[in-house]
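First the structure, in the form of structure tokens, and then the observations on it.
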Amino acid sequence: MAEDSGQDKSEEPTAKRISDARKKGQVPRSKELDTFSILIISSVMFLFLGEHISQGLWQLMRRPFQLNREAIFDAALPLQLFGSLLKDAMLLVLPIMLVLVASSLITPMIIGGWNFSSQAIQPKLSKFNPLNGIKKIFGVQGVVELIKAIIKVALIFSVAYGLFNVYWEELLTLNNKQLAQGIARAAEILVLGFLIMCLTLLLVVMVDVPFQLWNNKRQLKMTKQEVKDECKESDGNPEIKGRIRQRQMDIAQRRMMAEVPKADVVVTNPTHFAVALKYDMEGSGAPIVVAKGTDLVAAEIRTQALGADVPLVAAPPLARALYYSTELNEQIPQGLFVAVAQILAYVFQLKAANENGGGKPAYPNNIDVPDEFRQS
């Protein structure tokens, strides 16, 4: 949406944007660094282990020509010999292979860290779109890859030409040496030349790594609208949050109304406030506020109370004091014990009179509400 509006991607990528990109496999990677690492390590390994490997291979090649007459006419020997030679050859190159595998796993962690994304390997039809391929070829990435390829070819050719001029005369005189010495010196020249040519790729790596970091950051940059949308998504849409809050309030109110029939008394204003109290005479705690509300909620509390034969007692100062001083499912403050006790005494006496007969108790008047709890 932001891209269609023509806004420039001038904002730095947020942590969420970077995290989402990593999940999709979009992390900075330098193929030149990976290639350079593998080539330089392999050349160094051959430089130090080349003599050992060459001697081992020399012995392996001589072994088939050292068989006696009985072994030559043994039908099972060729297969056994082939298996033995293959195993010994693999053991010779195994250290180099293990180091190269470790290098291929560790090198990508230098920039971008190690990352595996299942989304990146999923097949997508867009990858088969020729137009997307053409855009990549003529895009910034394609131009940079072309320049890198030209530089690599030029560097390697220049270094190879220089090495050829340096070692040309020596290579022509190798046939004057003994076979083993000639092969060893030729291998040494080849490995050394290979190492020098690999080192020239360091120039390409020094250019490619900063470019890949910059290009990845450029692709992740955001427009101002994308930043706003992400903040709105992270914080939550105000309309959705309002609906959720209203839904939570409705659920809480229904739960509160379900407690009204269990109350012992509802103290009213009598119209604007209503507070339902419950008191466990066998317990040691103070009365608890199980429901409270104003205006329409107070009217609903009164309706629920009348339907459940819960007494309504009009005591405006006490109703306001209970509403403002006590939250739901909390005990009333100590300063209101006396006033609430007067109300409960009247309610219990009224209940006893209704059950056992007799005169109704006097309606409580002059309920004492401390000044600090009075609300205008």
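What you see is a predicted model; the values in this text were computed from it and never measured.
Just one of Arg254, Gln246, Gln253, Gln248 meets the side chain to side chain donor-acceptor pair (under 3.5 Å) condition when paired with Asp250; it is Gln246. Here the rule is side chain to side chain donor-acceptor pair (under 3.5 Å) with Asn215, and of Gln212, Lys217, Arg218 only Arg218 fits it. A side-chain contact (heavy atoms from CB on, under 4.5 Å) with Val265 is found for one member of Leu344, Val275, Leu350, Leu312 and no other, namely Leu344. Of the residues Val99, Val93, Val191, Ile96, the one that meets the side-chain contact (heavy atoms from CB on, under 4.5 Å) test with Leu49 is Ile96.
Heavy atoms only, all atoms of each residue included: Val290 and Met256 are closest at O-CG, 3.6 Å. Closest non-hydrogen pair, Val205 versus Pro210, comes out as O-CD, 4.2 Å. Minimum heavy-atom separation, Cys198 to Phe36: O-CE1, 3.2 Å. The two atoms that bring Thr268 and Ala314 nearest to each other are OG1-CA, 3.4 Å, heavy atoms only. The two residues Ala274 and Ile301 have their closest heavy-atom pair at O-CD1, 3.9 Å. When all heavy atoms of Val260 and Gln304 are compared, the closest pair comes out as CG1-CB, 3.8 Å.
Criterion: ILVMFWY side-chain heavy atoms under 4.5 Å apart, direct or through other members. Under it, Val44 and Phe194 are part of a common hydrophobic cluster. Note: the hydrophobic cluster containing Val101 does not contain Leu39 (ILVMFWY, side chain heavy atoms under 4.5 Å, direct or indirect links). If you chain together hydrophobic residues whose side chains sit under 4.5 Å apart, Tyr161 and Tyr167 never meet in one group. Residue Val204 is not grouped with residue Val207 when hydrophobic side chains (ILVMFWY) are merged at heavy-atom distances under 4.5 angstrom, including chains of intermediate members. Following chains of ILVMFWY side-chain contacts shorter than 4.5 Å, one can reach Tyr324 starting from Ile343, so the two form part of one hydrophobic cluster.
Interatomic distance, Phe157 CZ to Thr200 OG1, rounded to the nearest 0.5 Å: 13.5 Å. To the nearest 0.5 angstrom, Arg17 atom CZ is 10.0 Å from Gln219 atom CD. Considering CZ of Arg302 and CG of Asn269, their distance stands at 9.0 Å, rounded to 0.5 Å. One distance of note links CD1 of Ile147 with CG of Asp208; it measures 11.5 Å at 0.5 Å rounding. Taken from CG in Leu98 to OG in Ser103, the straight-line distance is 12.5 Å, to the nearest 0.5 Å. Atom CD1 of Ile196 sits about 10.0 Å away from atom OG of Ser43, to the nearest 0.5 Å.
Using cut-offs of 30° and 60° on the angle between ring planes, the pair Trp214 and Phe211 is tilted. Between Phe348 and Tyr279, the ring-plane angle classifies as tilted under the 30° and 60° cut-offs.
Using a 4.5 Å cut-off on side-chain heavy atoms (C-beta onward), Val266 and Val313 make no contact. Using a 4.5 Å heavy-atom threshold, the side chains of Lys221 and Glu11 count as separate. Side-chain atoms of Leu174 and Leu171, non-hydrogen and from C-beta on, do get closer than 4.5 Å to each other. The side-chain heavy atoms of Ile156 and Leu201, taken from C-beta on, include a pair separated by under 4.5 Å.
Using a cutoff of 4.0 Å between basic side-chain nitrogens and carboxylate oxygens, Glu259 and Lys278 are not scored as salt-bridged. The pair Glu32-Lys148 meets the salt-bridge criterion, since a charged nitrogen lies less than 4.0 angstrom from a carboxylate oxygen. Taking the charged nitrogens against the carboxylate oxygens, Asp20 and Lys24 have no contact shorter than 4.0 Å, which rules out a salt bridge.
Heavy-atom contacts from other residues, nucleotides or ligands closer than 6.0 Å to CZ of Phe337 number more than 12. Counting non-hydrogen atoms of neighbouring residues, nucleotides and ligands closer than 6.0 angstrom, the NZ atom of Lys351 reaches no more than 12 such neighbours. Counting non-hydrogen atoms of neighbouring residues, nucleotides and ligands closer than 6.0 angstrom, the CD atom of Glu372 exceeds 12 such neighbours. Enclosure of atom CG in Leu296 is not indicated, since only 12 or fewer non-hydrogen atoms of other residues, nucleotides or ligands lie within 6.0 angstrom.
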*Please step through side chain to side chain contact (heavy atoms under 4.5 Å, CB included) for the pair Leu277 and Ile288, ending with a clear verdict.*
CA-CA 6 Å; Leu277 299 175; Ile288 297 175; over 6 Å; no
*side chain to side chain contact (heavy atoms under 4.5 Å, CB included) between Leu57 and Leu60: does it pass, once the steps are laid out?*
CA-CA 5 Å; Leu57 293 176; Leu60 291 179; 4.2 Å; yes
*Would Met61 and Leu85 satisfy side chain to side chain contact (heavy atoms under 4.5 Å, CB included), going step by step from the backbone distance to the final call?*
CA-CA 9 Å; Met61 288 187 292; Leu85 292 174; over 6 Å; no
*Apply side chain to side chain contact (heavy atoms under 4.5 Å, CB included) to Val289 and Glu327, showing your working.*
CA-CA 7 Å; Val289 173; Glu327 297 298 329; over 6 Å; no
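A distance-only check finds no donor-acceptor pair linking the side chain of Thr107 to the backbone of Ser104 [under 3.5 Å]. For the pair Lys292 (side chain) and Tyr323 (backbone), a donor-acceptor distance under 3.5 Å is present. Remark: side-chain polar atoms of Thr303 are paired, donor with acceptor, to backbone N or O of Ala299 under 3.5 angstrom. Looking only at distances, a side-chain donor or acceptor of Thr173 sits under 3.5 Å from a matching main-chain atom of Glu170. Side-chain atoms of Arg29 come within 3.5 Å of backbone atoms of Ile111 as a donor-acceptor pair (strictly under, hydrogens ignored). Looking at Thr35, its side chain does come within 3.5 Å of a backbone N or O of Lys31 through a donor-acceptor pair. Without hydrogens or angle criteria, Glu226 side chain to Thr223 main chain gives a donor-acceptor distance under 3.5 Å.
Every residue meeting the side-chain contact (heavy atoms from CB on, under 4.5 Å) condition with Gln342, not counting sequence neighbours, appears here in chain and number order: Val338, Ile367, Asp368. Considering only residues two or more places apart in sequence or on other chains, Ser84 meets the side-chain contact (heavy atoms from CB on, under 4.5 Å) condition with Arg63, Asp88.
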